[in-house]
Amino acid sequence: MNLHVLDSFDFFTGVPDSLLRPLSLYLADRFAEPAKHIIAANEGNCAAIAAGYHLATGKVPVVYMQNSGIGNALNPAASLLNHRVYGIPVLFIIGWRGEPLIHDEPQHLFQGEITPALLNTLDLETLVITKDIQDKACLDWLEAVRGLFREGKSAAMLVRKGAFTYPRETCFSNPYTMRREDAVRYILKYADHDAIVSTTGMVSRELYALRVETGQGHERDFLTVGSMGHASSIALGVALHTRIKKIYCIDGDGAALMHMGALAVIGAQKPPNLIHILINNAAHDTVGGMPTIADKIVWPMVARGCGYPEAVTVDTYDALGDALRRARESNTLWFIEVKVRLGARDGLGRPSELPIENKRLYMEYLQSGIISDE
C-alpha cells in the first residue's frame, strides 16, 4: 500500500513496530513539526493523546502500534474513545505480528491468533492490509468509515508483514560511542554468578549470544521476550524473594518509558540486592531505530526522585566498570544509565530455546540457593 493514501490525516501518534517501519519513515519525512507526529511512551498514552487532539480540533487522529500494544490501549479504547462513552473517533493502524500460519517468535503467536477477535470486541471496523491490496480499495474503505467517524466510532487497519512500502530509508543516530553489546559484556564480567533479568529486544539477544560465545549456560538469565516495559518489575519480584546476592535488570530506554511508574514502586521497596541498568540509545532500536524521548530525560534525577539511593549516568567503559563495581560492593538499590550508540552486529541470532525452557532453567537456578561470594 502506498502510504500517501493517509495524506488526508494530519496527526499521528504511536509506538514504532517493525512491520510499520515504512509508516515511521513516511511520518519522519512528512512532518517536521513535532506536534504533528508524537512517538509516545505506550499505546494507552497514544490513545489519550489522540483523544486530546480530537477534542481540540474535531478531526480524526491516527494511532499506530504493534498488536502486542493492544493491551495497553484497551482501557482508553473501551472507556474513553468508545461511542457509548465520549465517542472519540480514531483510525488505528496495527502491525499484525504472529498472524496464524506465518512464522514468528513465540511471544507473538497467541497475541496474533486473538488479534482479529480483540478488534471485533472493541467494535472496530477492520480492513486487513495485504501486499497486493490496491490503493483505491484503501481510499474507498477510508471514505466509507468516515461515516463511522461521524458517529464517534473508530476503525482499524490490520497490517500484514510487508504490506506497507516506502521508497527510501531514513538513518537514525545519536552522538554516543559505546556499543550496547560491549556494555552487556561488562555487566557479565561483574555479575559473576548473579542473576539477570533482561528486557525485550536486542539486549536479550546480545546477552544470549555472549553466553554462547563464552561457553556459558543460560540459566542465570531471564530473557523477557514479550511484555515490553515490565522487565524491571519482574526483576523487583525476583530480588525480593531470592537468596542470590545480586539481581541485575538490564533495561532499555523505550521499555523504561513505557511503564515509568515501575521506578516509583522499585524505589519505594528499595531492594538492596537489585542493580537496575538502563541501556539508553534514545531509540526503538529493535524495530528500526525510530527515536524515543529518552535523551531528553535526566534519568538519575528521575531515579532518585523515585527513591533510588544511588543513581549515575555513564558514557565510557571505564565509568561503567567503576559504577558496576561500586554497585556490586554496596548493600543498596542502584540505578545506572548507560548511554550507547544505535545498532547491533550483523547476523545477531535469537535464543534457540523456547521461553518455557528459559523459565524452567532460571527458576532452578534461583531455587538452587547459590549465593555469590560465599
Side-chain angles (χ1 to χ4, degrees), residues 11-18 20-21 23-53 56 61-66 68-69 72-73 76 93 170-178 180 183 199-203 228-233 249-264 266-267 276-306 308 311-315 335-343:
F11 179 77
F12 294 72
T13 180
V15 176
D17 168 40
S18 56
L20 303 182
R21 177 171 168 79
L23 175 64
S24 293
L25 301 178
Y26 158 80
L27 294 174
D29 282 349
R30 181 179 170 191
F31 294 120
E33 185 181 349
K36 293 290 188 179
H37 172 218
I38 298 175
I39 299 176
N42 63 57
E43 295 80 5
N45 182 204
C46 299
I49 294 170
Y53 166 82
V62 180
V63 170
Y64 64 90
M65 67 184 73
Q66 185 181 117
S68 61
N72 285 332
I93 299 180
T170 297
C171 182
F172 301 99
S173 63
N174 67 36
Y176 311 135
T177 59
M178 295 175 66
R180 181 184 50 239
T199 192
T200 309
M202 292 293 187
V203 164
M228 181 176 168
H230 292 300
S232 62
S233 296
C249 174
I250 310 179
D251 214 346
D253 57 288
L257 285 167
M258 187 165 279
H259 298 294
M260 281 184 73
L263 273 72
I266 294 168
H276 189 175
I277 301 167
L278 178 67
I279 306 292
N280 184 3
N281 60 10
H284 290 282
D285 206 2
T286 302
V287 294
M290 284 65 76
T292 70
I293 59 166
D295 61 340
K296 298 177 173 62
I297 297 172
V298 184
W299 285 99
M301 288 182 64
V302 172
R304 288 184 182 277
C306 287
Y308 285 66
V312 298
T313 292
V314 300
D315 59 8
F335 183 93
I336 304 172
E337 178 194 14
V338 185
K339 294 186 176 182
V340 302
R341 69 191 192 205
L342 274 73

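These numbers come from a predicted model, not from an experiment.
- For the pair Thr313/Lys339, a side-chain contact is recorded, criterion being any heavy-atom separation below 4.5 Å from C-beta on.
- No donor-acceptor distance shorter than 3.5 angstrom exists from the side chain of Thr199 to the backbone of Ile250, with no hydrogens or angles considered.
- Every residue two or more places apart in sequence or in another chain that forms a side chain to side chain donor-acceptor pair (under 3.5 Å) with Tyr26 is listed here: Asp7, Arg30.
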_For a side chain to side chain contact (heavy atoms under 4.5 Å, CB included) check, start with the C-alpha distance between Leu23 and Ile93, then their side-chain angles and the critical distance, and finish with the verdict._
CA-CA 10 Å; Leu23 175 64; Ile93 299 180; 4.3 Å; yes
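- Using a 4.5 Å cut-off on side-chain heavy atoms (C-beta onward), Glu43 and Gln66 make no contact.
- Note: His259 and His230 have parallel aromatic rings, judged against thresholds of 30 and 60 degrees for the angle between ring planes.
- Considering only heavy atoms from C-beta on, Ile39 comes within 4.5 Å of His37 through its side chain.
- At least one side-chain heavy atom of Ile266 sits under 4.5 Å from a side-chain heavy atom of His276.
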*Could you check Phe12 against Ile38 for side chain to side chain contact (heavy atoms under 4.5 Å, CB included), going step by step and ending with a plain yes or no?*
CA-CA 7 Å; Phe12 294 72; Ile38 298 175; over 6 Å; no
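- Residues Val338 and Met178 meet the side-chain proximity criterion, which asks for heavy atoms closer than 4.5 Å.
- Within the 4.5 Å cutoff, the side chain of Leu27 has heavy atoms near those of the Tyr64 side chain.
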Contacts table for residues 288-302: side-chain donor-acceptor under 3.5 angstrom, sequence neighbours left out:
{"unit_1": "Thr292", "atom_1": "OG1", "unit_2": "Asp253", "atom_2": "OD2", "d": "2.7"}
{"unit_1": "Thr292", "atom_1": "OG1", "unit_2": "Ala294", "atom_2": "N", "d": "3.1"}
{"unit_1": "Trp299", "atom_1": "NE1", "unit_2": "Ala294", "atom_2": "O", "d": "3.1"}

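- From Ser233, atom OG reaches atom CG of Asp251 across 9.0 Å, with rounding to the nearest 0.5 Å.
- Nearest heavy-atom pair, Arg180 versus Asn281, reported as atom, atom and distance to 0.1 Å: NH1-ND2, 3.4 Å.
- Atom-to-atom distance recorded for Asn280:CG and Asp315:CG is 11.0 Å, nearest 0.5 angstrom.
- Shown here are the side chain to side chain contact (heavy atoms under 4.5 Å, CB included) partners of Thr200, two or more places apart in sequence or in another chain: Thr224, Met228.
- When all heavy atoms of Pro76 and Asn72 are compared, the pair lying nearest together is CD-O, 3.9 Å.
- Across every non-hydrogen atom of Asn45 and Ala40, the tightest pair is OD1-CB, 3.3 Å.
- Among all heavy-atom pairs drawn from Leu263 and Phe335, the shortest one is CD2-CE1, 4.1 Å.
- The minimum heavy-atom distance linking Val287 with Asp17 is given by the pair CB-C, 3.8 Å.
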*Let me see the working for Val314 and Glu337 under side chain to side chain contact (heavy atoms under 4.5 Å, CB included), right down to the final yes or no.*
CA-CA 6 Å; Val314 300; Glu337 178 194 14; over 6 Å; no
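- The main-chain N or O of Leu342 is never found under 3.5 Å from a side-chain atom of Asp285 such that the two would form a donor-acceptor pair.
- Counting only distance, with no hydrogens or angles, the side chain of Asn174 and the backbone of Val340 share a donor-acceptor pair below 3.5 Å.
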